[in-house]
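For this chain, numbers begin at 1 and follow the sequence in order.
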Amino acid sequence: MMAWLASGGAVVAMGVVYSTVTSLPVLRRLQGSRQGEGRRSSGPGWLASFLSGCLFALAGRPLIASLHLSTHWLILSLWLLLFVLGFLLSMIEARAFTDGPSPVRVRDVIGAMAASAVAASVAGCLIKAPSPGSLSVNLEQWIDTFGWTGLVVRLLGAAVAFMVAYCVIGSVAWRFVRPFYADPKLGLRLRIPSGRLVVLLQLGRGLLAVVALAPLIASLSAHGFDWWARFAFALAVTSGVIPLLGAAGWPTYLRIVHGVEIVVFDLVYAFALWRILGV
């Protein structure tokens with residue numbers, strides 16, 4: 001019973017801290033970066049941030065339980081997960097898929113970095129690392145497993161898998177969201193770039209994603225289906241649910257469809273990482 005209470009308390013504490021930090025004036029814009037310049041009322045914004053913090057703690061707990069990392073390395077790895085997968089990739093995509101001036105500014109990136117740092121620090125301290133493992137040692141062992149050439153080839157393969165999964169799953173979702181990109185009267189300023197740009201963009205995002213995930217992949221002790229389940233859950237929440245909870249400038253229908261799309265993508269992407277990286 002005490003363990004359940006402690007776990008629940010950590011989740012709620014994560015939600016309170018995260019919502020408090022993202023409510024600060026200097027960081028208030030970070031959740032609006034994906035949908036442009038839409039305004040949000042303070043109530044839903046606080047609730048979305050609170051749920052985001054709670055979900056990050058819930059999704060991170062199974063992952064953290066199988067990591068061999070000391071607390072400071074754990075915080076760094078969680079920061080890369082939340083900042084890159086939860087915010088930076090969305091910001092890059094928002095720039096490419098927005099018609100007109102970029103909705104992403106330098107202060108948005110700085111705000112996302114700061115909020116992610118706080119969330120990762122709280123999660124790393126509340127949800128203890130299972131061992132005093134060293135990230136440098138884990139990475140060295142991971143590299144030795146494949147060799148430098150083999151690892152580079154596999155990382156590039158993971159980037160290609162990211163691009164292919166994105167294009168295939170995105171093409172299915174496109175039929176459901178086409179009106180929102182084609183009708184300027186909706187005021188969402190959304191557009192679809194050329195096919196060549198989409199492919200190059202997703203290759204770049206895929207490479208950035210797998211590099212950011214490298215510390216977690218190298219330090220995870222789980223194997224097989226258990227590895228996939230832990231990783232898929234963390235990715236789905238971090239890169240799918242959390243960014244879209246803050247996209248209050250988008251219609252609910254668009255957020256739900258893109259949320260389902262990204263969650264399905266993350267399940268497939270986690271499977272690709274499992275197979276390509278041989279964990």
Side-chain angles (χ1 to χ4, degrees), residues 11 34 51-67 77-78 80-90 92-94 97 116 123 154-177 198-199 201-247 250 252-279:
V11 170
R34 184 180 177 97
L51 291 175
S52 295
C54 291
L55 288 171
F56 182 67
L58 284 171
R61 191 171 189 85
L63 195 65
I64 292 172
S66 60
L67 289 173
S77 300
L78 292 176
L80 287 171
L81 170 66
L82 183 55
F83 172 60
V84 176
L85 277 295
F87 293 105
L88 185 59
L89 294 187
S90 295
I92 294 172
E93 189 173 39
F97 282 75
S116 299
R154 289 172 182 267
L155 293 178
L156 293 175
V160 172
F162 183 102
M163 180 273 294
V164 172
Y166 178 95
C167 292
V168 172
I169 297 171
S171 66
V172 176
W174 172 243
R175 66 185 64 186
F176 299 101
V177 301
V198 169
V199 170
L201 176 67
Q202 302 316 321
L203 284 174
R205 291 175 76 234
L207 186 58
L208 179 59
V210 73
V211 170
L213 293 173
L216 292 175
I217 297 173
S219 305
L220 207 61
S221 62
H223 297 281
F225 179 81
D226 184 40
W227 186 100
W228 173 83
R230 293 171 189 263
F231 221 78
F233 184 32
L235 286 178
V237 169
T238 303
S239 65
V241 179
I242 289 178
L244 288 169
L245 274 176
W250 279 6
T252 301
Y253 173 82
L254 185 61
R255 295 163 71 185
I256 291 175
V257 173
H258 275 310
V260 172
E261 173 197 0
I262 298 172
V263 168
V264 172
F265 164 81
D266 284 322
L267 298 179
V268 174
Y269 179 55
F271 181 82
L273 290 176
W274 169 26
R275 304 312 300 173
I276 292 173
L277 294 171
V279 292

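Qualifying ring pair (Phe, Tyr, Trp, His ring centres under 6.0 Å) partners for Tyr269, counting only residues two or more places apart in sequence or in other chains: Phe162, Phe265. Contacts of Val199 classified as side-chain contact (heavy atoms from CB on, under 4.5 Å), with partners at least two apart in sequence or in another chain: Met163, Leu203. Under the side-chain contact (heavy atoms from CB on, under 4.5 Å) criterion, Ala159 pairs with Leu207, not counting sequence neighbours. With sequence neighbours left out, the side-chain hydrogen bond (donor to acceptor under 3.5 Å, both in side chains) criterion links Ser77 to no other residue. Remark: Val198 engages Phe97, Tyr166, Cys167, Pro193, Gln202 in a side-chain contact (heavy atoms from CB on, under 4.5 Å) (not counting sequence neighbours). Under the rule for a side-chain contact (heavy atoms from CB on, under 4.5 Å), the partners of Leu208 that lie at least two apart in sequence or sit in another chain are Val84, Leu88, Leu89, Ile92. For Phe176, there are no ring pair (Phe, Tyr, Trp, His ring centres under 6.0 Å) partners, not counting sequence neighbours.
To the nearest 0.5 angstrom, Phe231 atom CZ is 4.5 Å from Ile217 atom CD1. Separation of atoms CG (Leu63) and OG1 (Thr238) is listed at 8.5 Å; rounding is to 0.5 Å. Put simply, CD1 on Ile276 and CG on Leu155 are 9.5 Å apart, with the number rounded to the nearest 0.5 Å. Going from atom CG of Leu82 over to atom CZ of Phe56 covers 4.5 Å, rounded to the nearest 0.5 Å. Residue Ile262 holds its CD1 atom at 7.0 Å from CD of Glu93, rounded to the nearest 0.5 Å.
Closest non-hydrogen pair, Ala270 versus Leu235, comes out as CB-CD1, 4.1 Å. Looking at every heavy atom in both residues, Val237 comes nearest to Pro243 through O-CD, 4.4 Å. Shortest non-hydrogen contact noted between Gly240 and Asp266 is N-OD2, 4.0 Å. In terms of heavy-atom proximity, Leu58 sits nearest to Phe233 at O-CE2, 3.6 Å. Taking each heavy atom of Arg205 and Ser90 in turn, the nearest pair found is NH2-N, 4.4 Å. Considering every non-hydrogen atom in both Leu78 and Ile64, the closest pair reads CD1-CD1, 3.8 Å.
Side-chain atoms of Trp228 come within 3.5 Å of backbone atoms of Leu267 as a donor-acceptor pair (strictly under, hydrogens ignored). Side-chain atoms of Ser221 come within 3.5 Å of backbone N or O of Ser66 as a donor-acceptor pair.
Within the structure, salt bridge (charged side-chain N to carboxylate O under 4.0 Å, His left out) pairs that include any residue of residues 222-246 comprise Asp226-Arg230 (at least two apart or interchain). Judged as a side chain to side chain donor-acceptor pair (under 3.5 Å), not a single pair has a partner in residues 155-165 (not counting sequence neighbours).
The shortest side-chain heavy-atom distance between Leu213 and Leu80 does not fall under the 4.5 Å cut-off.
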For this session: Dump the intermediate steps for side-chain contact (heavy atoms from CB on, under 4.5 Å) on Leu245 and Leu55, then the final yes or no.
Result: CA-CA 11 Å; Leu245 274 176; Leu55 288 171; 4.0 Å; yes
